[in-house]
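To find a chain, count down the sequence lines: A is the first, B the second, and so on, and within it residues start at 1. Atom set for the values below is all heavy atoms of this structure, side chains included, hydrogens, waters and symmetry mates excluded.
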There are 4 protein chains.
Amino acid sequence: MPLVTGRERRRQLLDAAIWTFARKGFRRASISDIVARAQVARGTFYLYFDSKEDVFLAIVEDFHDRVRRMLEEPEPPVPLADHHGRALLQRTLRRWLELFAGHRDAAQVILKEATSIDPKVEAGLRRLRQLGLNYFATRFERLQARGLVNRGVSPDLLAHLQMGMMDEAVIGFILPEPRGDVDALAAQIASFEWDGLRPDRSGTPAVPRNV
Amino acid sequence: MPLVTGRERRRQLLDAAIWTFARKGFRRASISDIVARAQVARGTFYLYFDSKEDVFLAIVEDFHDRVRRMLEEPEPPVPLADHHGRALLQRTLRRWLELFAGHRDAAQVILKEATSIDPKVEAGLRRLRQLGLNYFATRFERLQARGLVNRGVSPDLLAHLQMGMMDEAVIGFILPEPRGDVDALAAQIASFEWDGLRPDRSGTPAVPRNV
Amino acid sequence: MPLVTGRERRRQLLDAAIWTFARKGFRRASISDIVARAQVARGTFYLYFDSKEDVFLAIVEDFHDRVRRMLEEPEPPVPLADHHGRALLQRTLRRWLELFAGHRDAAQVILKEATSIDPKVEAGLRRLRQLGLNYFATRFERLQARGLVNRGVSPDLLAHLQMGMMDEAVIGFILPEPRGDVDALAAQIASFEWDGLRPDRSGTPAVPRNV
Amino acid sequence: MPLVTGRERRRQLLDAAIWTFARKGFRRASISDIVARAQVARGTFYLYFDSKEDVFLAIVEDFHDRVRRMLEEPEPPVPLADHHGRALLQRTLRRWLELFAGHRDAAQVILKEATSIDPKVEAGLRRLRQLGLNYFATRFERLQARGLVNRGVSPDLLAHLQMGMMDEAVIGFILPEPRGDVDALAAQIASFEWDGLRPDRSGTPAVPRNV
DNA sequence: GATGAATGAGAGTTCATTCAT
DNA sequence: TATGAATGAACTCTCATTCAT
């Protein structure tokens, strides 16, 4: 029996690639860097991946799997309360941010190195993105149907905006800092999304001039 | 007098680079591609730019200038109305989206090729991003001070979320389609931001279960 | 086991570079020329040398080693004779000239291509030159101490003059001809050095006019 | 009438080239460097010289002229003395070294950048070298004929050795120092050449062993 | 004569990929 | 499976030279 199975060797190379791409970027990282990190020979890389592009695609698909598994995981019930919809939203955002916080190198690669590499990679990224968009859109739709969310905005647009905010929150607050307070971040975003910017829900604002 | 001035030749090469990077990506685009597009010799490129990285930086800075000029432009007054703050917000978003819609190739390059290229390029992108963040943060702060916007969220976080939504809106709705309805898009985003997701501002939602 | 070891491949490339530089000069020789001579691919060159400058430095250092090994080699005793010092000198010159005659391409490169290439190369050439200068200076000093050589001239200057004569003898009489009589050349140089130009060691020259 | 004549402009460019080649070497110096030094436009260079190689050849020939003029200059008589031949030799060496000391940049270019550039340049350098060799050979021959110099060595070989010593003296003692004592240098070299290394012109050295 | 923007051949170098061991 | 020396296409960049003004 070999010391490492094929599965393990592949994982080892994949992690080395994630680590390398996160630090050098796809373009500047070389196969040499990856195999040096993985402590295997150059040729070994090509036993598990077809090309440099292929290992990038594998990273995307690996992350895709993680997202899918997270989304499929059953969620613990939220205590019924006044702002039930908001609590659900906040929990979702937290789980989403936690996933990225738990895999910062991969997140870095997916979010910041997702440059035009290859049609196949492009497709993989599109699928990953679509997974998120579908999830959020379906979710908003259901919440609207149940009267838990304002029906005035299209679930599809909402999903896009949600994804944009998530990306930016990860890039701006999770990737740079070793320990961001994910909980607080999710709470604040949920708060903004739930209540909106309108200052006073009853009265008229007092004589505003142009800014 | 030469047929083209140095300024024009530089612009010509810059536009060729934008066009090329938007289609092939920074990595796959070669200097040969750029000069072929610009219809000049290979060496001419190096009279105006130091390197492939340098021309990318120039693109970023060119776009930076456009954004700055747009932000400095005086805005026509918004008719005083019930939802004054919302109207102001919507107008800002529209102008922002219009700028990107008016320079789709450049937007594509900035938003999708903003990969790790070079420390200098990195810095340039950071400056561009900061320009937007500062603008939105200042704006929200002022509107809050004037009572036109809910004081419950930090202007800084708001700015980040706003930028995330803008990026995603551009990537999702402006870059793919030749003619997106920018006005409608701005209106919908403003609507979501203004009112939030809360379904009913008075009553309690009716017996929701977990989603 | 590969057909050639790394050591051999390096030597093969080094020899090809010596051959090429000797014929085309550093400037006009291209990496293509070198690898064509060595019958390997272009990239192989860069497995063994960092750059074109680096291989030149390697040539210099390779020759440095040869000179050092020659100088360290024990010399067979010279039969005690009337002109003991002169015999020692002649033998040294012969060995020196033989080394260059035995590696004419390298000598050509070292002596005629020793142009300003690189600070590192410059330093390497300086070390090589210093090796020779030190050897001759030490030698003269010892011979003076033992009373075998005229004490009227500084060993340091003597070393420089000796080096100059050697360089010129190699350039003028060894590099151009496939088979120069190294022995006779060494004998004549030693003769000149030993006896000097003074025509008659006792009498006064007869009524010389200006030349 | 133009501000500068063609002759002057050519000289200006020639001096700029000497200055540049002395500092950067032929290979690393560019036409840009030369015209920048001469403060003229790039194209102007090509009105006076055919190519980069051509200007190098012009430098060689310019120096050739200087050497020739010096050699043709009548020499002041040397006071008749005991060592008449030695005094003549010393004066010649001094004049030779003075020429190089008076044109250090050109000397640097001729002696250290005289790398393989071009067949034409090669030929020019050969002519320059031959000028010196002929001069010394003729000189030694005449001195031998007049009994002022030892007849035991061939004038031709002597000329080569003399040139080698001159080159080395210039490289080692004149080029590096702003103010070398040319007189003393000439005196020491003449001393070595005149008297040789033989320690004692009458007795036998006392029982020397091998070094 | 003088200019300097434009040229483009050609250089050195990189590195993803292969394959004999 | 694993290795790593070898490959060579493709790249960026330089710079001597030209020529319309």
Establish, yes or no, whether a centroid distance under 6.0 Å links the rings of F56(A) and F49(A).
no
Pair F26(A)-E53(A), side-chain contact (heavy atoms from CB on, under 4.5 Å): steps then yes or no:
CA-CA 9 Å; F26(A) 180 79; E53(A) 283 75 25; 3.9 Å; yes
Rounded to the Å, how far apart are D50(C) CG and dC15(E) P?
13 Å
E8(D) has an atom CD; how far is it from atom P of dA2(E), in whole Å?
11 Å
Note: for R28(C) and G43(C) on DNA chain E, the residue whose nearest nucleotide lies more 5' is R28(C)
Tell me whether the side-chain N/O atoms of Y46(C) come closer than 4.0 Å to OP1 or OP2 in dT14(E).
no
Identity of whatever pairs with dT21(F) - Watson-Crick or G-U, under 3.5 angstrom
dA2(E)
Side chain of I31(D) only, heavy atoms from C-beta on: which candidate in dT12(F), dA16(F), dA2(E) is closest?
dA16(F)
F49(D) near the nucleic acid: base, sugar-phosphate alone, or nothing, with a heavy-atom cut-off under 4.0 Å?
nothing
Between R66(C) and D62(C), is there a salt bridge with N-O shorter than 4.0 Å?
yes
Taking it one step at a time, do F100(C) and L175(C) satisfy side-chain contact (heavy atoms from CB on, under 4.5 Å)?
CA-CA 9 Å; F100(C) 283 77; L175(C) 295 188; over 6 Å; no
Interatomic distance where CG belongs to D33(A) and C1' belongs to dG4(F) [whole Å]:
16 Å
Would you say Y48(A) places a side-chain N or O within less than 4.0 Å of OP1 or OP2 belonging to dA2(F)?
yes
Closest-nucleotide mapping onto DNA chain E: is A41(D) or Q39(B) further toward the 5' terminus? I mean the 5' end.
A41(D)
Hey, is the side chain of T44(C) poking within less than 4.0 Å of OP1 or OP2 on dT7(F), counting only N and O atoms?
yes
Checking all strands, does S30(B) fall into the base, sugar-phosphate, or nothing category for heavy-atom contacts under 4.0 angstrom?
sugar-phosphate
Return yes if the base of dT7(F) and the side-chain atoms of R42(C) contain a donor-acceptor N/O pair under 3.5 Å, otherwise no.
no
Is any side-chain nitrogen or oxygen of R9(A) closer than 4.0 Å to OP1 or OP2 of dA2(F)?
yes
Checking dA5(E), dA9(E), dT17(E) against the side chain of K52(A) (C-beta onward), the nearest is dT17(E)
Closest-nucleotide ordering on DNA chain F, the 5'-leading residue of R27(B) and V40(C):
V40(C)
Nearest-Å distance for atom pair CD1/P, residues I34(D) and dG4(E):
17 Å
Tell me what S32(C) touches on the nucleic acid: a base, only sugar-phosphate, or nothing, going by heavy atoms under 4.0 Å.
nothing
Measure from the side chain of E53(D), starting at C-beta and using heavy atoms only, and say which of dT14(E), dT17(F), dT17(E) lies closest.
dT17(F)
Nearest-angstrom distance from the residue atom CD1 of I117(B) to C1' of dT12(F):
15 Å
Would you mind checking if R23(B) and D105(B) are paired as a salt bridge, meaning a charged N to carboxylate O distance below 4.0 Å?
yes
Measure the distance from CZ on F56(B) to P on dT12(F) and round it to the nearest whole Å.
14 Å
Nearest-Å distance for atom pair CZ/C1', residues F45(B) and dG8(E):
16 Å
Nearest-angstrom distance from the residue atom CG of L13(B) to C1' of dT7(E)
13 Å
Over all strands shown, is L47(A) touching base, sugar-phosphate only, or nothing at heavy-atom distances under 4.0 angstrom?
base
Quiz question: by atom type and distance under 3.5 Å, do the side chains of R127(D) and Q130(D) form a donor-acceptor pair?
no
